[in-house]
> 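Handing you a structure now.
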Amino acid sequence: MVRDIFFLGQPSEPATQADLSVGRDLLDTLQANREACVGMAANMIGVKKNIIIVNMGLIDVVMFNPVIISRRGRYETEERCLSLEGVRKTTRYQEIEVEYYDSSWKKQRQKLSGWTAQIAQHEIDHLSGKII
């Protein structure tokens with residue numbers, strides 16, 4: 001697990017179909033860290049590509065090149081991150097809509113709310129080098 005703040009603070013690059021294996025690596029890493037983790041970004045495993053994984057309850061969803069296209073319901077909260085010590089304050093949105101490519105490289109659009117939306121926002125922040 002990468003904890004180097006300089007590395008994590010750098011923006012990631014767009015993912016391509018050649019990066020599908022990174023999605024599988026994220027799935028394996030999330031499963032291995034299930035007790036302490038609900039989402040991950042590729043830079044957390046040392047790969048600077050726009051790829052995240054989000055636990056959505058019964059399934060884990062890998063998103064390639066995710067982009068938040070709408071957000072509603074701003075609120076303040078506190079979060080933890082596997083790459084950092086302690087709890088930090090941040091601003092999130094209760095509802096978001098995300099566009100991304102799935103593991104079959106098909107474009108998807110999904111509305112997320114509550115806890116799942118918060119996880120996705122945290123991981124998408126990682127892709128731009130933003131750390132809570």
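Quick note: numbers below take in every heavy atom, side chains included, and nothing from hydrogens, waters or symmetry partners.
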> With rounding to the nearest 0.5 angstrom, report the CD1 to OG1 distance, I51 to T16.
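The CD1 atom of I51 sits 8.0 Å away from the OG1 atom of T16.
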> Please report the closest heavy-atom contact between A120 and I52, naming both atoms and the distance.
O-CD1, 4.2 Å
> Sequence neighbours excluded, which residues qualify as side chain to side chain donor-acceptor pair (under 3.5 Å) partners of R74?
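By the side chain to side chain donor-acceptor pair (under 3.5 Å) rule, R74 matches no residue at all.
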> Starting at CG of N50, measure out to OH of Y101 and round the result to the nearest 0.5 Å.
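Answer rounded to 0.5 Å: 12.5 Å.
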> Quick one: closest heavy-atom pair of V2 and F7, and the distance?
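Looks like CG1-CD2, 3.7 Å.
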> Heavy-atom count around R3 CZ within 6.0 Å, excluding the residue itself: above 12?
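Yes, CZ of R3 has more than 12 neighbouring heavy atoms, counting only those of other groups under 6.0 Å.
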> For residues E123 and M63, determine if any side-chain heavy atom of one lies less than 4.5 Å from a side-chain heavy atom of the other.
no
> Would you find a donor on one side and an acceptor on the other, under 3.5 Å apart, between the side chain of D19 and the backbone of V22?
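Side chain of D19 to backbone of V22, a donor-acceptor pair under 3.5 Å: no, none is there.
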> Could you state the interatomic distance from CD1 (I53) to CD1 (I59), rounded to the nearest 0.5 Å?
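Answer rounded to 0.5 Å: 10.0 Å.
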> Kindly say whether D25 contributes a backbone atom to a donor-acceptor pair with the side chain of D28 at under 3.5 angstrom?
no
> Using residues 37-45 as the side-chain source, report each donor-acceptor pair under 3.5 Å to any protein atom, sequence neighbours left out, with the distance given to one decimal.
| residue | atom | partner | partner atom | Å |
| --- | --- | --- | --- | --- |
| N43 | ND2 | H126 | O | 3.0 |

> Any chance you could measure Q17, atom CD, to F64, atom CZ, to the nearest 0.5 Å?
9.5 Å
> Would you mind reporting whether I131 and D125 have side-chain heavy atoms less than 4.5 Å apart?
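Contact flag for D125/I131 side chains = no.
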> State, without any angle test, whether Y100 and Q110 hold a side-chain donor-acceptor pair at a distance under 3.5 Å.
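Present: a donor and an acceptor within the cut-off.
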> Do you know the tightest heavy-atom contact between I132 and R88?
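Scanning both residues, the minimum pair turns out to be O-CD, 3.3 Å.
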> With distance as the sole test, does S104 use its side chain to make a donor-acceptor pair with the main-chain N or O of K106 at under 3.5 Å?
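Not at all, since once roles are kept as given, no pair shorter than 3.5 Å links the two residues.
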> Can you tell me if N65 uses its side chain to pair, donor with acceptor, with the backbone of P14 under 3.5 Å?
no
> Taking side chain to side chain donor-acceptor pair (under 3.5 Å) as the test, write out the residues that go with Q121, two or more places apart.
none
> If you count heavy atoms of other groups shown closer than 6.0 angstrom to OH of Y75, is the number above 12?
yes
> If you round to the nearest 0.5 Å, how far is CD of E95 from CZ of R71?
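So the CZ of R71 and the CD of E95 are separated by 13.5 Å.
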> Is the shortest distance from a Lys or Arg side-chain nitrogen in R109 or E97 to a carboxylate oxygen in the other one below 4.0 Å?
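So R109 pairs with E97 through a salt bridge.
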> Can you see which heavy atom on L112 is nearest to which on M56, and at what distance?
CD2-CE, 3.8 Å
> Of all heavy-atom pairs between S103 and V62, which one has the smallest distance, and what is that distance?
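Taking S103 first and V62 second, the nearest heavy atoms are OG-CB, 4.1 Å.
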> May I ask you to decide whether K48 forms a salt bridge with E13, counting only side-chain N to carboxylate O separations under 4.0 Å?
no
> Is L127 linked to W105 within one hydrophobic cluster, defined over Ile, Leu, Val, Met, Phe, Trp and Tyr using a side-chain heavy-atom separation of less than 4.5 Å?
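Each belongs to a different hydrophobic cluster.
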> Restricting to non-hydrogen atoms, name the atom on R34 and the atom on D60 that form the minimum distance, rounded to 0.1 Å.
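Scanning both residues, the minimum pair turns out to be NH2-OD2, 2.6 Å.
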> Working to the nearest 0.5 angstrom, can you tell me the gap between I124 CD1 and I96 CD1?
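That separation rounds to 5.5 Å.
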> Do the side chains of V67 and L26 join up, straight or via other hydrophobic residues, at under 4.5 Å, putting them in one cluster?
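No, V67 does not connect to L26 through the hydrophobic network.
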